[in-house]
Amino acid sequence: MTITERHQYILAELQSKGNINIQDLCDHLEVSGVTLRKDLKILEEKNLLFRTHGGAALNNPYAIERPIHEKQHINSHEKQRIGRAALSIIGGNDCLMLGSGTTIFEFARQLNPAHPVTVITPALKVGIELSDKPNIEVLQLGGLIRQNSSSVAGNFAEYMLESVSCGILFLGVDGIDLDYGFTISNLTEAGLNQKMISTAQSIAILADHTKFGRRGIAKICDLETVRYVITDSLAPRESVTALEEMGIQVIMG
């Protein structure tokens, strides 16, 4: 098979499946992985596909950072359902940590605990939303405020977490990649997210179906670190099954 024929086959498979795996191509085309990676590089340079870890995709798999006022209008109904579903895992925990993002904010809007709870958060909108609610005491982390997320990040916020612990961390992400882990689209906030993860006894990821198969610039943790993934009913079945096989509890909103 000539290079042109290989490229035609690769593009036809992409059009049919949406994404392709290098190992599958190696088996079918009977060429080396090195050759196929060169093929994918050429096709990406021609803007015909996007290379991914172990293969390629027809659509851009990389998450981009959007301002929070834009994100709040994207999949808003799904985010509301995810927020409601997340309430089911609070249990008797008296200290929760909430990250930033629009899905986490929807969770905060619906949080009305029957027993006293302390909430630690870097997100200004979350802190303001919870500050007047009964049975909730808010510990607002300090630091440099990022306009895109209305959340703080940096050394000051991380320092405040040195001497605290919480039961569950509820965290939003921009990407869930089964090969790579959980990611966000801003490097500045990655350090704080990692610090929050180390502070919590268990981690719950809140993410709608569009976050699956995508990858942000900054990895915050491996899949095995997380106990819960709370998503909506449109999440890809094969990804949900893979997470459950790793021992992660997947809850549909």
Side-chain angles (χ1 to χ4, degrees), residues 61-63 65-66 68 71-72 74-76 78-91 93 95-111 119-123 126 149 151 153 161 166-187 189-253:
Y62 301 103
E65 186 178 23
R66 298 176 184 269
I68 193 168
K71 293 171 69 174
Q72 67 184 359
I74 301 173
N75 299 320
S76 57
E78 287 86 350
K79 292 173 181 176
Q80 291 168 10
R81 291 196 292 270
I82 291 168
R84 283 194 295 271
L87 297 172
S88 66
I89 66 170
I90 293 174
N93 285 285
C95 184
L96 310 175
M97 193 176 300
L98 275 63
S100 61
T102 52
T103 308
I104 297 297
F105 179 67
E106 286 299 333
F107 169 59
R109 290 180 62 186
Q110 301 178 62
L111 181 59
V119 174
I120 305 168
T121 184
V126 169
S149 63
S151 181
L161 294 174
C166 76
I168 305 178
L169 165 63
F170 295 87
L171 201 60
V173 297
D174 295 315
I176 302 175
D177 187 305
L178 295 180
D179 293 323
Y180 191 63
F182 297 100
T183 57
I184 61 174
S185 55
N186 184 273
L187 284 170
E189 294 186 6
L192 180 59
N193 281 344
Q194 291 162 357
K195 187 67 175 179
M196 290 193 293
I197 287 168
S198 70
T199 301
Q201 296 176 32
S202 60
I203 317 299
I205 298 294
L206 277 59
D208 67 66
H209 65 279
T210 64
K211 308 301 172 59
F212 286 83
R214 299 181 74 83
R215 187 185 297 187
I217 190 173
K219 179 177 178 177
I220 56 172
C221 69
D222 294 319
L223 298 178
E224 294 81 3
T225 306
V226 168
R227 182 175 179 183
Y228 306 97
V229 169
I230 306 172
T231 185
D232 59 75
S233 59
L234 296 178
R237 186 67 248 175
E238 63 274 13
S239 296
V240 170
T241 300
L243 292 174
E244 290 174 335
E245 289 174 350
M246 295 178 194
I248 298 171
Q249 184 177 343
V250 180
I251 300 171
M252 297 290 187

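Between Leu161 and Ile120 the shortest side-chain heavy-atom distance falls below 4.5 Å. Contact annotation: the side chain of Ser100 never approaches that of Val126 to less than 4.5 Å [non-hydrogen atoms, C-beta and beyond]. In this structure the side chain of Leu192 reaches within 4.5 angstrom of the side chain of Pro122, judged on heavy atoms. Between Thr103 and Glu106, the closest side-chain pair of non-hydrogen atoms is not below 4.5 Å. At least one side-chain heavy atom of Thr183 sits less than 4.5 Å from a side-chain heavy atom of Lys219. The side-chain heavy atoms of Leu111 and Leu87, taken from C-beta on, include a pair separated by under 4.5 Å. Considering only heavy atoms from C-beta on, Ile248 stays 4.5 Å or farther from Ile205 through its side chain. At least one side-chain heavy atom of Thr231 sits under 4.5 Å from a side-chain heavy atom of Met252.
In this structure, Asp174 contributes its side chain and Ser185 its backbone to a donor-acceptor pair below 3.5 Å. Here the side chain of Asp208 pairs a donor or acceptor atom with the backbone of Thr210 at under 3.5 angstrom. Not a single donor-acceptor pair under 3.5 Å links the side chain of Glu224 to the backbone N or O of Met246. Side chain of Asp232 to backbone of His209: a donor-acceptor contact under 3.5 angstrom is found.
The CG atom of Leu169 sits 13.5 Å away from the NZ atom of Lys195 when rounded to the nearest 0.5 Å. Here the straight-line distance linking atom CZ of Phe107 with atom CD1 of Ile90 works out to 4.0 Å at 0.5 Å rounding. For the atom pair Ser239 OG and Glu244 CD, the distance stands at 11.0 Å (nearest 0.5 Å). Once rounded to the nearest 0.5 Å, the distance linking CG of Asp177 with CZ of Arg215 reads 4.5 Å. Within the model, atoms CD1 of Ile203 and OG of Ser198 stand 8.5 Å from one another, a figure rounded to the nearest 0.5 Å. In this structure, CZ in Phe182 is found 9.0 Å from CD1 in Ile197, a value given to the nearest 0.5 Å.
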- Taking it one step at a time, do Thr121 and Ile104 satisfy side chain to side chain contact (heavy atoms under 4.5 Å, CB included)? CA-CA 10 Å; Thr121 184; Ile104 297 297; over 6 Å; no
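Nearest heavy-atom pair, Lys79 versus Thr102, reported as atom, atom and distance to 0.1 Å: NZ-OG1, 2.8 Å. Taking all atoms of both residues into account, the shortest heavy-atom contact from Met97 to Cys166 is CB-SG, 3.6 Å. Nearest heavy atom pair, residue Ala85 against residue Ile251, reads CB-CG2, 4.1 Å. The shortest heavy-atom contact between Asn186 and Ala218 is O-CB, 4.0 Å. Of all non-hydrogen atoms in Val240 and Ala235, the two that sit nearest each other are CG2-CB, 3.9 Å. Looking at every heavy atom in both residues, Asp222 comes nearest to Tyr180 through OD1-O, 4.2 Å.
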